[in-house]
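For the numbers below, each heavy atom of this structure counts, side chains included, while hydrogens, waters and symmetry mates do not.
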Amino acid sequence: MILKKDNLLVIFFIFLLSLLSVLKYWSLHSSLADLGFLTRSMQAIELGGFQELFSVHAKPLLIFYYGLYSLLDPPLFNVVVLCFQAIFLAMPAYYLLKKFGRLTVLAYILFFPLWFNALFDFHLDHLSVPLLLTFFLFAHSGRIGFAFIFAITLALVKEPFALQTGMCGIYLLAINLKSGLNLKLYLYSFGLIIFGFGYFFVINQLIIPLYSNEIDFSIGLQSEAFAYLGANFGEAILYLFTNPLQIIVDILYTPGKIIYLVALFGALGFISLLKPAPLLIALPILAISLLSQNESYYGLGHHYTAGLIAPMIFSFIGGLPKANYFWNRAGLVWYRLTRLTLPIPCFKLFLVMWLILAHIALAPSPIGRLFWSDKIWAYSYKAYIPSKRDTMIKEAITKFIPTDSDVVTSVQNNINWWPLLQRHHFFLFPQGVSEAQRAPFFEKKLWITKVSWRPLTADFVVLDLKRPWFLVDKGCNWLYGKCEDKKNAKEYLRWVDKTRKLMEIVFEKDGFIILKKRDEK
């Protein structure tokens, strides 16, 4: 029986994640990439640009958040969206508690990727967590039809998750081998396999290029991070099968990738490895991260771990009995050597202590070391406390930047505040400063919306020298208030100087600068 205090713990967890997410936005510690991009997507869809659902990434479920956008005022939209993200990430804790007990829900709540996915701005990837957890619950309760529905829905979050949809089909076959396979199970399983891998191929080869052909994008599986694999999927698959040793060497000789693996599995006491079947569904995300040459993919503080959370938690659940068995065997060896008996609850106590210590070391939560350190600007406790300087910045934005929706802004990536985005077009600094940047214009024509691309330059530029320096969406490894990447720092300052020469300053205080395009004579 679940005690009321256990339910209160889950409620508090939901409240805490929501509160921290909103406070981070309110204190100007969120980013345009990707929370600000959400507003841009909503504006495009409002104008009839539904192709935005397949531009750069295939994200059909984004339409759910458009429903919220159409109902809410702009100042409230980001707040509500962040709360929904926190709720979707935290709610599975209730069902895990109800089904598997306190130890499992504690592992889930303390698992550090969950916190980074909640606090690293907004990314649609968060939906993969409740969808996959629900898939596992239905798959193991024999309700294959419902498991099928949630696995299909997973592919609609973003195209990489379609690979996990395909693996869900393989997983259904694997867990039912002993109990016997039947026609219904075959249909559901192979349906997921065909749909998942087929959807991934079609989306990446046909749909995304079709709706992104006017965008010079360098993210996702089309980015330079995977260019070494080949120019297309055929070449990539051939490379994977013909160069396995080279791939393994690359992983072993990349410290960040080793840290990534050790941190993920170590945070759950390596117990997930004792029941690897659910990890089949994690394989595509692990492969994408380990094959990437972009550090963000295997960084611990990014959203790319979302698809790993549910499979690793279910592997942890399945591995607990074996872990307990090995502990007891170790206890027998200990007794033979010392004639001392380990206390009965020793295993659970040790595991809880391990989970807490791993959380303190890795998570950005209020009990994590990052929270009480100034090392990472976006995760220090200061990121959640609105300051007088934040108020000054908000007031300056409101006072000096017109609300006219035709005014174009170029904004430093981590200055995300809604008045900057309530316009037809905004860019990430230094886009639009010295050269025109292509921007989409939507024109409704009966049943379709025509998109034309026109060059635009920024009317206003917004910069802050006292927060991490960004060139478009690329940071400069900002640690303890300083830019560690000297090359990027030099390039950023060069652009700041160039902007000062090209534009006139309308406001400057304490490192915060608003510049305006010079009037043409």
Would you call the rings of [X] and [Y] parallel, tilted or perpendicular if under 30° counts as parallel and over 60° as perpendicular?
{"X": "His303", "Y": "His123", "value": "parallel"}
{"X": "Phe84", "Y": "Phe64", "value": "perpendicular"}
{"X": "Phe136", "Y": "His140", "value": "parallel"}
{"X": "Tyr199", "Y": "Phe195", "value": "parallel"}

Exercise. Please step through side chain to side chain donor-acceptor pair (under 3.5 Å) for the pair Ser30 and Asn416, ending with a clear verdict.
Key: CA-CA 6 Å; Ser30 65; Asn416 180 28; 3.0 Å; yes

Examine distances only and state if a side-chain atom of [X] and a backbone atom of [Y] form a donor-acceptor pair shorter than 3.5 Å.
{"X": "Thr104", "Y": "Gly101", "answer": "no"}
{"X": "Ser292", "Y": "Asn294", "answer": "yes"}
{"X": "Thr165", "Y": "Leu154", "answer": "no"}
{"X": "Glu159", "Y": "Ala58", "answer": "yes"}
{"X": "Gln412", "Y": "Pro468", "answer": "yes"}

Quiz item: Is the shortest side-chain N to carboxylate O distance from Arg389 to Asp464 below 4.0 Å?
Solution: yes

Quiz item: Between Lys24 and Asp121, is there a salt bridge with N-O shorter than 4.0 Å?
Solution: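 Not counted as a salt bridge, because no side-chain N and carboxylate O are separated by less than 4.0 Å.
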
Quiz item: Which of these passes ring pair (Phe, Tyr, Trp, His ring centres under 6.0 Å) with Tyr379: Trp372, Phe116, Phe371, Trp115?
Solution: Phe116

Quiz item: Take atom CZ in Phe138; do more than 12 heavy atoms of anything else shown fall under 6.0 Å from it?
Solution: yes

Self-check item: Asn182, CG atom: more than 12 neighbouring heavy atoms under 6.0 Å
Solution: yes

Quiz prompt | Given Leu261, Thr305, Leu291, the one that forms side chain to side chain contact (heavy atoms under 4.5 Å, CB included) with Leu286 | solution =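 Of the listed options, the one satisfying the test is Leu261.
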
Practice problem: Please examine the side chains of Tyr95 and Phe100, heavy atoms only from C-beta on, and report whether any two atoms are closer than 4.5 Å. | Solution: no

